[in-house]
Amino acid sequence: DIQMTQSPSTLSASVGDRVTITCRASQSIDSWLAWYQQKPGKAPKLLIYKASNLESGVPSRFSGSGSGTEFTLTISSLQPDDFATYYCQQYNSYSYAYTFGQGTKVDIK
Amino acid sequence: EVQLVEFGGALVQPGRSLRLSCAVSGFTFDDYAMYWVRQAPGKGLEWVSGISWDSLRRTYADSVKGRFTISRDNAKNSLYLQMSSLRAEDSAMYYCAKDRTSAHPDGPGDYWGQGTLVTVSS
């Protein structure tokens, strides 16, 4: 299995801050990476696919970058609606299981 | 409007079986691969299984392989997860999700249901 490791596990930030979350894969996954946002009691919401492509309807303050084994999700100016938990997911077709990272909780400083 | 509604979750004893269903609407079901993802209480997301549009390709996480079976009925716009030999560690909210673009299980999920809760306990 490909293992996905996110850092940090928790991030405290203020409205307006620039926030960066890192996701590392245990082997190369090219650009087959997605980012999701999840709020308590809700289903995950797709933000980014193929490492850097913004899903339709997602605010442009969200961006993704990276390839191979290291990826980042950046929120350029944190908004009140952005306090949530974020997950990366690899979907490399050579892997038979599309594993998630352990999550990064973004909370209010 | 795309909708996915899971049902079938219940309290079940260890070793028993349970079948989850996911009813979908708002898109052409047999154009897309589908997935099951679960989340234990207070824990992260765990990808469980995926199925191609024609059911010919099915993939499973190691943690459920040999115990869970994913299936679909395109005529009924429904996705299923047959779970057997259930364990306490299978307790979770189970979500179904639609592949973003592909008929094969090769991508992220763009639409998700609200989940159905499975509790395995004696």
Side-chain angles (χ1 to χ4, degrees), chain A residues 1-10 21 23 25 29-58 62 64 71 73 84-106, chain B residues 1-6 9 22 24 27 32-52 56-66 68 70 92-117:
Chain A
D1 278 11
I2 297 175
Q3 307 301 317
M4 306 301 293
T5 304
Q6 286 182 235
S7 60
S9 295
T10 305
I21 299 168
C23 180
I29 56 170
D30 295 328
S31 295
W32 304 116
L33 186 101
W35 289 98
Y36 298 86
Q37 176 193 68
Q38 188 181 33
K39 296 182 179 179
K42 300 293 187 182
K45 173 186 176 183
L46 179 65
L47 301 175
I48 302 282
Y49 63 94
K50 208 173 178 185
S52 60
N53 293 273
L54 196 66
E55 177 68 349
S56 176
V58 174
F62 291 92
F71 303 85
L73 173 70
T85 300
Y86 293 84
Y87 295 91
C88 62
Q89 181 199 21
Q90 66 83 15
Y91 54 97
N92 187 316
S93 61
Y94 292 104
S95 165
Y96 58 85
Y98 296 158
T99 42
F100 289 90
Q102 81 276 20
T104 296
K105 184 178 180 181
V106 177
Chain B
E1 180 190 7
V2 173
Q3 287 194 317
L4 296 85
V5 179
E6 304 93 336
C22 172
V24 314
F27 65 98
Y32 296 94
M34 297 292 295
Y35 305 102
W36 287 100
V37 174
R38 69 184 181 184
Q39 187 169 36
K43 302 297 185 183
L45 300 171
E46 180 185 13
W47 183 91
V48 172
S49 184
I51 187 169
S52 61
L56 291 183
R57 184 176 163 198
R58 310 183 197 206
T59 54
Y60 300 93
D62 283 345
S63 58
V64 306
K65 200 173 293 183
F68 289 13
I70 190 171
M93 183 71 76
Y94 284 74
Y95 296 100
C96 64
K98 165 192 165 291
D99 190 282
R100 185 181 175 276
T101 57
S102 178
H104 299 279
D106 291 329
D110 62 346
Y111 285 92
W112 296 59
Q114 287 307 300
T116 188
L117 185 62

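Convention: sequence-line order gives letters A, B, ...; per-chain numbering from 1.
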- Query: Checking K45(A) against chain B: side chain, backbone, both or neither under 4.5 Å from a heavy atom?
  - Reply: neither
- Task: Using non-hydrogen atoms and a 4.5 Å limit, figure out which bit of A43(A) sits close to chain B: side chain, backbone, both or neither.
- Result: both
- Parallel under 30°, tilted from 30 to 60°, perpendicular over 60°: which one fits the rings of W47(B) and Y98(A)? tilted
- Message: Let's test your reading of the structure: which of T59(B), D106(B), V48(B), D110(B) forms the most heavy-atom pairs below 4.5 Å with chain A?
- Response: D106(B)
- Message: Heavy-atom pairs under 4.5 Å with chain A: which of P105(B), G50(B), A97(B), G115(B) has the most?
- Response: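 Heavy-atom pairs under 4.5 Å are most numerous for P105(B).
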- Query: Yes or no on side chain to side chain contact (heavy atoms under 4.5 Å, CB included) for T101(B) and Y49(A), after CA distance, side-chain angles and deciding distance?
  - Reply: CA-CA 11 Å; T101(B) 57; Y49(A) 63 94; over 6 Å; no
- Whatever's closer than 4.5 Å to a heavy atom in chain A on Q39(B) counts as side chain
- Where does Y111(B) contact chain A at under 4.5 Å (heavy atoms): side chain, backbone, both or neither? neither
- Between G44(B) and Y87(A) the two heavy atoms that sit nearest each other are CA-OH, 3.4 Å
- Message: Is it the case that atom NZ in K65(B) sees more than 12 heavy atoms from other parts of the structure closer than 6.0 Å?
- Response: yes
- K39(A) atom NZ: more than 12 heavy-atom contacts under 6.0 Å: yes
- Does a side-chain heavy-atom distance below 4.5 Å link W112(B) with Y36(A)? yes
- Message: Pair Q38(A), L45(B) - check side chain to side chain contact (heavy atoms under 4.5 Å, CB included), show working.
- Response: CA-CA 10 Å; Q38(A) 188 181 33; L45(B) 300 171; 4.1 Å; yes
